[in-house]
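Worksheet for the structure shown next.
Source: prediction; values computed, not measured. For the numbers below, each heavy atom of this structure counts, side chains included, while hydrogens, waters and symmetry mates do not. Counting starts at 1 for both ligands and their atoms, in listed order.
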Amino acid sequence: MYNMFKFLKEKIKKSVESISEKLRKDKEVIEESKEIVKTEERHVEPVEEKISEATEEIPKVEKKPEEPVGGPKVEEAKKWPEAKEEKKGFFQKIKEKVISTTISEEKFEELFQELEMGLLENNVAYDVIDKLKDDLKKNLVDKPIKRGKIEETIFESLKKSLKEILLEPEKDLVKLVSEKQEKPFVIVFFGINGSGKTTSIAKIAYHLKNENLKPLLVAGDTFRAAAIEQLQEWSDKLNIPIVKQKYKSDPAAVGFDGISMAKARNFDVVLMDTAGRLHSNEDLIREMEKIVRVTKPDLKLFVAESITGNDAVLQAREFDKKIGIDGIILTKSDVDEKGGAAISISYITKKPVYYIGIGQLESDLKPFNKDIILESLNLK
Ligand SMILES: Nc1nc2c(ncn2[C@@H]2O[C@H](COP(=O)(O)OP(=O)(O)O)[C@@H](O)[C@H]2O)c(=O)[nH]1
Ligand SMILES: [Mg+2]
């Protein structure tokens, strides 16, 4: 289970319950019309009495042999049960109306306002909301839905849409690294300051090491004070080698060094750190382009903070436009209570989320998994 959907989960549940409740109120209106029919039936009652009178009359008729059996009164009596049958059919139709309901487009818009607001408040991107809404519309508008099945229909629709929206990697990292013939497999991590690049590198290196692969750390953030020391500390703690140079050296050159060393000493995978930068800074973008040109990464991972919501999504899109990214690491989900970024980021960028960061320790990393997300949203 992921913790980041605390509010979103509640919001979806509440909104869907409220939709059902509103439709139930509509049901009362229909029930009222059912009442009217019942009252009408009461009017019919004397007619029913007539029927029995009429049937009773038949033997009377039989008692009078001078009159032929099957006189006009008997024929009339035959008609009554038929009339009663018709009434029943009509009543049946009303009952069916009560059991299933259809929602007009207008009603749909009104009903889904709350859900829409809830999704927005919890950082779900507009495009994702549009997709969820369009799918729901297709499944709900002008289609008879069984009364007891409204909630289920909505949940099923949301579930199906989310399965399309969320993007898991086709192959996990261990497989990707293991399958590359010519080692090392090179991963470069990008993202703005403080998003969790260095920590994520440590977590992934630790994970790959536990899978019997040989990782090498490359201190490519030569810009920010203490960045090299930070990676060095992880290197010491996890007992994973590091390649570094002095501050202000060219990160592309550090990357090149790292790859050479990895080739010479049979490392399976190079994990390269970079300086945090904003996508709007042209100099730093040129630097990133140079890193990519020189190191030719097998995988460019963008590290985004879950808690920043739509900002994380926009950053990922901008970085993708500038340098092209292959996947995403979503950090700090443990301190996010909305979770919208996790739902939106892969749909907007069309890039899979590889891992979710769930804390500050090396083991605080979870693979991104659709089923776990659906389960965490109570949609399973
Ligand atoms: N709670 C939490 N903190 C994290 C996570 N990932 C990173 N951090 C913290 O975020 C801060 C910035 O991380 P850092 O790796 O230095 O970011 P960088 O500037 O992108 O390299 C550090 O204090 C990390 O411990 C996470 O998944 N959960
Ligand atoms: Mg760093």
Looking at ligand 1, does any of its N/O atoms fall within less than 3.5 Å of an N/O of [X]?
X: T331; result: no
X: S200; result: no
X: T199; result: yes
X: V335; result: no
X: D364; result: no
X: N193; result: no
X: D273; result: no

Students should be able to answer this: which protein heavy-atom is nearest to [atom], and at what distance?
atom: atom 28 (N) of ligand 1; answer: D334 OD1, 2.8 Å
atom: atom 27 (O) of ligand 1; answer: K332 N, 3.0 Å
atom: atom 26 (C) of ligand 1; answer: G359 O, 3.1 Å
atom: atom 23 (O) of ligand 1; answer: Q360 NE2, 3.3 Å
atom: atom 17 (O) of ligand 1; answer: G196 N, 2.9 Å

Would you say that more than 12 heavy atoms from the other residues, nucleotides or ligands in this model lie under 6.0 Å from the CZ of F256, or not?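 Not buried by this count: 12 neighbours or fewer within 6.0 Å.
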
With a cut-off of 4.0 Å, which atoms of ligand 1 are near a heavy atom of [X]?
X: R224; result: 19 (O)
X: G357; result: 27 (O)
X: Q230; result: 14 (P), 15 (O), 16 (O)

Check: [Y] and [X] side chains under 4.5 Å, non-hydrogen atoms:
X: E289; Y: I323; result: yes
X: F302; Y: K351; result: no
X: L365; Y: Y206; result: no
X: K209; Y: N239; result: yes
X: L217; Y: L238; result: no
X: I129; Y: E116; result: yes
X: Q245; Y: I228; result: no
X: L271; Y: F189; result: yes

Using the ring of Y347 (Phe, Tyr or Trp, six-membered ring only), decide whether K350 places NZ or CZ under 6.0 Å from its centre and within 45 degrees of its axis.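 Yes; both conditions hold, so K350 lies above the ring face of Y347.
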
State whether F223 and K248 meet the cation-pi test: NZ (Lys) or CZ (Arg) under 6.0 Å from the six-membered ring centroid, and within 45° of the perpendicular axis.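 Geometry flag: set, cation within 6.0 Å and 45°.
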
May I ask you to say whether K131 pairs ionically with D135, meaning some side-chain N is under 4.0 Å from a carboxylate O?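 D135 and K131: salt-bridged.
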
If you take the nearest heavy atom of each of L361, V303, L330, T198, which one is closest to atom 21 (O) of ligand 1?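 The residue whose heavy atom sits nearest atom 21 (O) of ligand 1 is T198.
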
Considering K366, K197, K203, which one's heavy-atom position lies nearest to atom 6 (N) of ligand 1?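 Result: the heavy atom closest to atom 6 (N) of ligand 1 is in K203.
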
Taking the non-hydrogen atoms of [X], is any one of them nearer than 4.0 angstrom to ligand 1?
X: G194; answer: yes
X: G191; answer: no
X: I358; answer: yes

Can you tell me which portion of E305 lies within the under-4.0 Å heavy-atom range of ligand 1? Options are side chain, backbone, both, or neither.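 Neither; nothing of E305 gets under 4.0 Å from ligand 1.
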
Side chains of Q315 and D311 only: does a donor on one sit below 3.5 Å from an acceptor on the other?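 Their side chains do not contain a donor-acceptor pair, so the 3.5 Å distance test is not met.
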
Look at T198 and state whether any of its N, O or S atoms is less than 2.8 Å from the Mg ion (ligand 2).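 It does: T198 brings an N, O or S atom closer than 2.8 Å to the Mg ion (ligand 2).
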
